[in-house]
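A short worksheet on the structure shown next.
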Amino acid sequence: MPELPEVETICRGISQSILKRKISSVVIRNHKLRWPIPKNLPQVLSGQSIQTIKRRGKYILLETKIGTLIIHLGMSGNLRIKPKEHVFGKHEHVNIVFGDKLALCYNDPRRFGAILWTIKNPLEHALLKNLGPEPLERNFTAQYLFDRAKRCHAPIKQFIMNSKVVVGVGNIYANEALFAAKINPVQKANTITLKRYQLLTKKTKELLRYAIKHGGTTIKDYSDSQGRKGSFQNKLRVYGREGQFCINCKTKLACIRLGQRSTVFCPHCQIES
DNA sequence: ACTTCGACCTGTTGGC
DNA sequence: TGCCAACAGGTCGAAG
């Protein structure tokens, strides 16, 4: 479900409701996510309050004074703010209850997501310590990508979807960014010029900022912490449009498989060079 | 040190 | 209508 803009939207949405509020209880209905949820989480979290909320890539970091809750939404996960008393959804595995009114509800049908606890600096956690730069920060530059790509023979699409290269770019935004930068998704990362990487970094930043502004992309069932759908799906130019016509040149958009993911592109605008 | 592929899950859709 | 295969916003870790 969520790529960077969706996770960012969720972080912003939950912060208004839960920041500095005291956790009164934690209910776990199913421990089995990608990794088991720590059994002692209710005891550890109860009585604490969330001091800050951060995002690193697609990870949500809820920091308390004694440690940090690391949340990943996987493919189908979602976080919602609901009244404490509510009808539990079918896949609502965890509720973190704040005071006597609100609950932060983790719902994840496929259970590819994760909820972990660390008392260390979360950025040093095994899952986070090797992540690449944030695409919206200054250190995500064309020169960085160009240098990093020198030893990479993989197609550019897989290169930019690799979280060790850059975080937050999933299948939707990888397709869109490559279209915007007129790069063929199959082209080997190490054959792309610095100039082309300049266009790619610029377009990627624009795209992600624009998507955040629109509350993310709702293809099927993504919604934010208040249950609102995003609207960026109306701005997609290639993702989900295979067989339809390119908005620039009217060529029929092609669809191939790359690293087991659907890859849509315009064979005319995105020529290998 | 690289890339590729299976695995983890449930739900939905489209073809026969 | 039913059944089955393919696919879906992610990514780790084993195998090559």
Side-chain angles (χ1 to χ4, degrees), chain A residues 1-11 29-37 55-60 70-80 89-94 106-116 125-132 135 147-177 185-191 207-208 211-212 214-224 229-236 238-243 255-264:
Chain A
M1 175 206 302
E3 298 183 41
L4 186 148
E6 293 75 36
V7 176
E8 179 64 26
T9 302
I10 287 171
C11 283
R29 296 189 197 81
N30 189 347
H31 287 264
K32 286 187 281 186
L33 299 185
R34 176 157 199 174
W35 296 280
I37 299 173
R55 177 188 60 71
R56 178 74 175 101
K58 296 170 189 165
Y59 291 91
I60 298 166
I70 301 174
I71 301 177
H72 196 288
L73 300 173
M75 201 86 132
S76 58
N78 202 2
L79 281 176
R80 290 278 277 276
K90 186 172 179 192
H91 300 287
E92 198 173 303
H93 309 307
V94 179
Y106 179 90
N107 186 300
D108 186 1
R110 293 176 75 180
R111 288 187 278 118
F112 287 175
I115 298 182
L116 300 167
H125 190 279
L127 292 172
L128 284 85
K129 68 179 180 194
N130 293 321
L131 293 177
D147 290 341
R148 186 74 217 275
K150 277 176 187 161
R151 50 206 158 91
C152 180
H153 300 258
I156 180 67
K157 180 166 178 255
Q158 278 155 287
F159 180 66
I160 60 168
M161 286 183 72
N162 180 349
S163 62
K164 288 176 185 159
V165 174
V166 57
V167 296
V169 180
N171 200 32
I172 295 178
Y173 298 106
N175 279 301
E176 294 297 316
V186 172
Q187 187 167 349
K188 307 263 179 269
N190 62 349
T191 67
L207 184 69
L208 294 174
I212 291 169
H214 287 266
T217 301
T218 299
I219 297 298
K220 242 189 106 206
D221 53 13
Y222 163 75
S223 58
D224 72 9
K229 292 183 185 312
S231 66
F232 197 72
Q233 62 278 9
N234 302 317
K235 311 282 179 186
L236 298 177
V238 285
Y239 182 87
R241 294 193 67 240
E242 59 270 28
C255 185
I256 57 171
R257 232 139 217 284
L258 222 42
Q260 303 147 293
R261 313 306 296 277
S262 299
T263 303
V264 187

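All of these numbers come straight from a predicted model, not from anything done at the bench. In what follows, chains are A, B, ... by sequence order, proteins preceding strands, each numbered from 1. Values below: all heavy atoms of this structure, side chains included; hydrogens, waters and symmetry mates excluded.
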Tell which nucleotide pairs with B:dT13, taking only Watson-Crick or G-U wobble pairs whose two distances are both under 3.5 angstrom.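 Looking at the geometry, B:dT13 pairs with C:dA5.
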
Say we look at [N] and [M]: how far apart would their [atom1] atoms be, to the nearest angstrom?
N	M	atom1	answer
B:dG6	C:dA6	P	13 Å
C:dC3	B:dC9	P	25 Å
B:dG14	C:dG9	P	16 Å
B:dT12	C:dT11	C1'	23 Å

If you define the side chain from C-beta out and look only at heavy atoms, does anything of [X] sit under 4.5 Å from [Y]?
X	Y	answer
A:Lys235	A:Leu207	no
A:Ile70	A:Leu128	yes
A:Thr217	A:Tyr173	yes
A:Val7	A:Ile60	yes

Have a look at [X] and say if it touches a base, only the backbone sugar-phosphate, or nothing, with a 4.0 Å heavy-atom cut-off.
X	answer
A:Thr217	base
A:Tyr239	sugar-phosphate
A:Asp108	nothing

Between [atom2] of [N] and [atom1] of [X], the distance in whole Å:
X	N	atom1	atom2	result
A:Arg261	B:dT4	CZ	C1'	14 Å
A:Lys157	C:dT11	NZ	P	13 Å
A:Asn107	B:dC9	CG	C1'	13 Å
A:Lys32	B:dA7	NZ	C1'	16 Å
A:Leu127	C:dG13	CG	C1'	12 Å
A:Leu208	C:dG9	CG	C1'	14 Å
A:Glu6	C:dG10	CD	C1'	13 Å
A:Lys188	B:dC2	NZ	P	16 Å

Determine whether a donor-acceptor pair (N or O, by modelled atom type, separation under 3.5 Å) exists between the side chain of A:Glu176 and the backbone of A:Tyr239.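 Pair found, side chain donor or acceptor close to backbone of A:Tyr239.
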
Output yes when a side-chain donor or acceptor of A:Arg111 lies under 3.5 Å from a complementary backbone atom of A:Gly113, and no otherwise.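 Such a contact is absent between A:Arg111 side chain and A:Gly113 backbone.
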
Look at [X] and [N] and indicate whether a side-chain polar atom (N or O) is within less than 4.0 Å of OP1 or OP2.
X	N	result
A:Lys90	B:dG11	yes
A:Gln233	C:dG9	no
A:His72	C:dT11	yes
A:Arg34	C:dG10	no

A:Phe112 aromatic ring stacked with six-membered ring of C:dT11, 5.5 Å and 30°: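 According to the criterion (under 5.5 Å, under 30°), no, A:Phe112 does not stack.
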
Considering non-hydrogen atoms only, spot the tightest contact between A:Val238 and A:Asn175 and give its length.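 Residues A:Val238 and A:Asn175, closest heavy atoms: CG2-O, 3.5 Å.
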
Selected nucleotide, minimal atom distance to A:Gln260 side chain, candidates B:dT4, B:dG6, C:dG10: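 The answer is B:dG6, which lies nearest to the side chain.
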
A:Cys152 side chain, from C-beta outward: closest of C:dG9, C:dT11, B:dT3: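 Comparing C:dG9, C:dT11, B:dT3 against the side chain of A:Cys152, the answer is B:dT3.
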
On DNA chain B, does the nearest nucleotide to A:Lys220 precede the nearest nucleotide to A:Arg151 from the 5' side, or the other way round? Give the residue.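 Its nearest nucleotide lies further toward 5', so the answer is A:Arg151.
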
How do A:Asn162 and A:Arg111 order along DNA chain B: which one's closest nucleotide is nearer the 5' end?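 The answer here is A:Asn162.
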
For A:Arg257 and A:Tyr59, take the nucleotide of DNA chain C holding the closest heavy atom to each; which residue's nucleotide lies nearer the 5' end?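 Result: A:Arg257.
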
No-H, no-angle donor-acceptor pair, A:Arg110 side chain to B:dC9 base, under 3.5 Å: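 Checked by distance alone, the answer is yes.
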
